[in-house]
Amino acid sequence: MKVHRLPREFFLQSTLKVSQLLLGKFLIHEYRGQKIGGMIVETEAYIGPEDRASHAFGGKQTPRNLAEYLVGGHVYIYLVYGMHWQLNFSTSFHGRPECVLIRALEPTDGTFVMQRLRRIKDIRNLTSGPGKLCQALKLDKSYYGYDLCQKNSKLYLEDRGVKTPKKQIASGPRIGIDYAGPHWSKKPWRFWIKNNPYISKG
DNA sequence: TGTCCGATATCCT
DNA sequence: GGATATCGGACAT
């Protein structure tokens with residue numbers, strides 16, 4: 001199968017579907033002429049104004065969460081705990097706040113560059129968490145609102161023909177959102193590839 | 001202008 | 001397993 005970049009239409013499917021289809025796709029950043037990145041192995045869905053765990057709960061709009069409302073295929077990135085960036089991709093149509101949080105990658109491209117950016121050698125620890133992978137791929141606020149699907153994009157997703165059968169996908173509650181109350185924090189909207197050694201610890 | 005706190009990582013025991 | 005680093009956005013004052 002030919003390698004190709006994911007087009008806009010990919011991100012216009014339902015957010016739960018996109019969250020699962022992203023498993024096995026490759027996130028690539030062209031950084032200083034080097035391709036760095038890896039295969040997505042863990043994601044989380046945040047779905048609309050009804051989702052109490054979402055930053056857009058109740059239809060809230062602020063300068064920080066505006067990118068959530070963009071049409072599918074844009075970057076929503078923000079800082080937590082004063083030091084960790086969190087990478088999300090918008091899904092759905094313009095005006096509808098839905099997104100997928102990228103929680104973990106299996107390093108595949110430019111691993112030595114990522115090791116340098118993280119100042120760490122252990123491959124298992126390189127991109128196995130949402131904050132870690134942003135540091136490894138050198139992603140921060142400069143990519144806020146970035147369009148993954150634009151021509152000559154420096155940040156994009158690739159289908160390299162890896163198949164991820166439904167049987168290999170596990171799901172469970174999202175991480176770190178207890179504040180959203182039992183109903184929303186229990187929803188099994190976190191997805192990962194079973195037995196993959198690079199998923200986050202949670 | 002001030003206070004509060006998080007969609008985490010890391011270091012310590 | 002537990003503490004805590006560190007900061008900008010949100011919202012109250």
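Reminder, nothing fancy here: chain letters follow the sequence lines and each chain counts from 1.
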Check your understanding: Is DNA chain B part of any stem, that is, at least 3 consecutive Watson-Crick or G-U pairs with both distances under 3.5 Å, and where?
Key -> B:1-6 with C:7-12, B:8-12 with C:1-5
I need the [atom1]-[atom2] distance between [X] and [N], as an integer number of Å.
{"X": "A:Y198", "N": "B:dA9", "atom1": "OH", "atom2": "P", "answer": "17 Å"}
{"X": "A:L126", "N": "B:dA9", "atom1": "CG", "atom2": "C1'", "answer": "14 Å"}
{"X": "A:L101", "N": "B:dG6", "atom1": "CG", "atom2": "C1'", "answer": "13 Å"}
{"X": "A:H84", "N": "C:dG8", "atom1": "NE2", "atom2": "P", "answer": "14 Å"}
{"X": "A:R174", "N": "B:dT8", "atom1": "CZ", "atom2": "C1'", "answer": "17 Å"}
{"X": "A:Q135", "N": "B:dA9", "atom1": "CD", "atom2": "C1'", "answer": "9 Å"}
{"X": "A:F57", "N": "C:dA10", "atom1": "CZ", "atom2": "C1'", "answer": "16 Å"}
{"X": "A:R52", "N": "B:dA7", "atom1": "CZ", "atom2": "P", "answer": "14 Å"}

Revision key, fill the gap. With the side chain defined as heavy atoms from C-beta on, A:K132 is closest, among B:dT10, B:dA7, C:dA10, to B:dT10
Check your understanding: Given B:dA7, C:dA10, B:dA9, which nucleotide is nearest the side-chain atoms of A:P63?
Key -> C:dA10
Atom [atom1] of [X] and atom [atom2] of [Y]: how far apart are they, to the nearest 0.5 Å?
{"X": "A:L117", "Y": "A:L137", "atom1": "CG", "atom2": "CG", "value": "8.5 Å"}
{"X": "A:Q86", "Y": "A:I102", "atom1": "CD", "atom2": "CD1", "value": "11.0 Å"}
{"X": "A:L66", "Y": "A:S90", "atom1": "CG", "atom2": "OG", "value": "11.0 Å"}
{"X": "A:M39", "Y": "A:I193", "atom1": "CE", "atom2": "CD1", "value": "4.0 Å"}
{"X": "A:H74", "Y": "A:L148", "atom1": "NE2", "atom2": "CG", "value": "8.0 Å"}

Review point. Would A:R190 and A:E42 pass as an ion pair if we require N to O under 4.0 Å?
Key: yes
Exercise for review: State yes or no: are the ring centers of A:Y76 and A:Y78 separated by less than 6.0 Å?
Suggested key: yes
For a quick check of understanding: with a heavy-atom distance under 4.0 Å over all strands, which category does [X] fall into, base, sugar-phosphate or nothing?
{"X": "A:R64", "value": "sugar-phosphate"}
{"X": "A:R190", "value": "nothing"}
{"X": "A:Q86", "value": "sugar-phosphate"}
{"X": "A:I175", "value": "sugar-phosphate"}

Revision key, fill the gap. Ordered by number, residues from residues 70-83 of chain A within less than 4.0 Å of DNA chain B (heavy atoms) are A:Y78, A:Y81, A:G82
Review point. Of the residues in residues 17-27 of chain A, which ones touch DNA chain B at a heavy-atom distance under 4.0 Å?
Key: none
Point to revise | Phosphate OP1/OP2 of C:dG9: any A:K60 side-chain N/O under 4.0 Å | key: no
Practice item. Please lay out, stage by stage, how A:W189 and A:T15 fare under the test side chain to side chain contact (heavy atoms under 4.5 Å, CB included). Key: CA-CA 10 Å; A:W189 287 355; A:T15 301; over 6 Å; no
Do the side chains of [Y] and [X] get nearer than 4.5 Å, heavy atoms only?
{"X": "A:C149", "Y": "A:R5", "value": "no"}
{"X": "A:L23", "Y": "A:F191", "value": "yes"}
{"X": "A:K60", "Y": "A:H55", "value": "no"}

**Study point:** Closest-nucleotide ordering on DNA chain B, the 5'-leading residue of A:R118 and A:G176
**Key:** A:G176
Point to revise | Contact nearer the 5' end of DNA chain B, comparing A:R103 with A:I120 | key: A:R103
Review point. Has A:Y179 got its ring stacked on the base of B:dG6, with centres under 5.5 Å and planes less than 30° apart?
Key: no
Review point. Does A:R174 make a cation-pi contact with A:Y46 (under 6.0 Å, within 45 degrees of the axis)?
Key: yes
Practice item. Apply the side-chain hydrogen bond (donor to acceptor under 3.5 Å, both in side chains) test between A:Y143 and each candidate in A:H29, A:K154, A:K138; give the one that qualifies. Key: A:H29
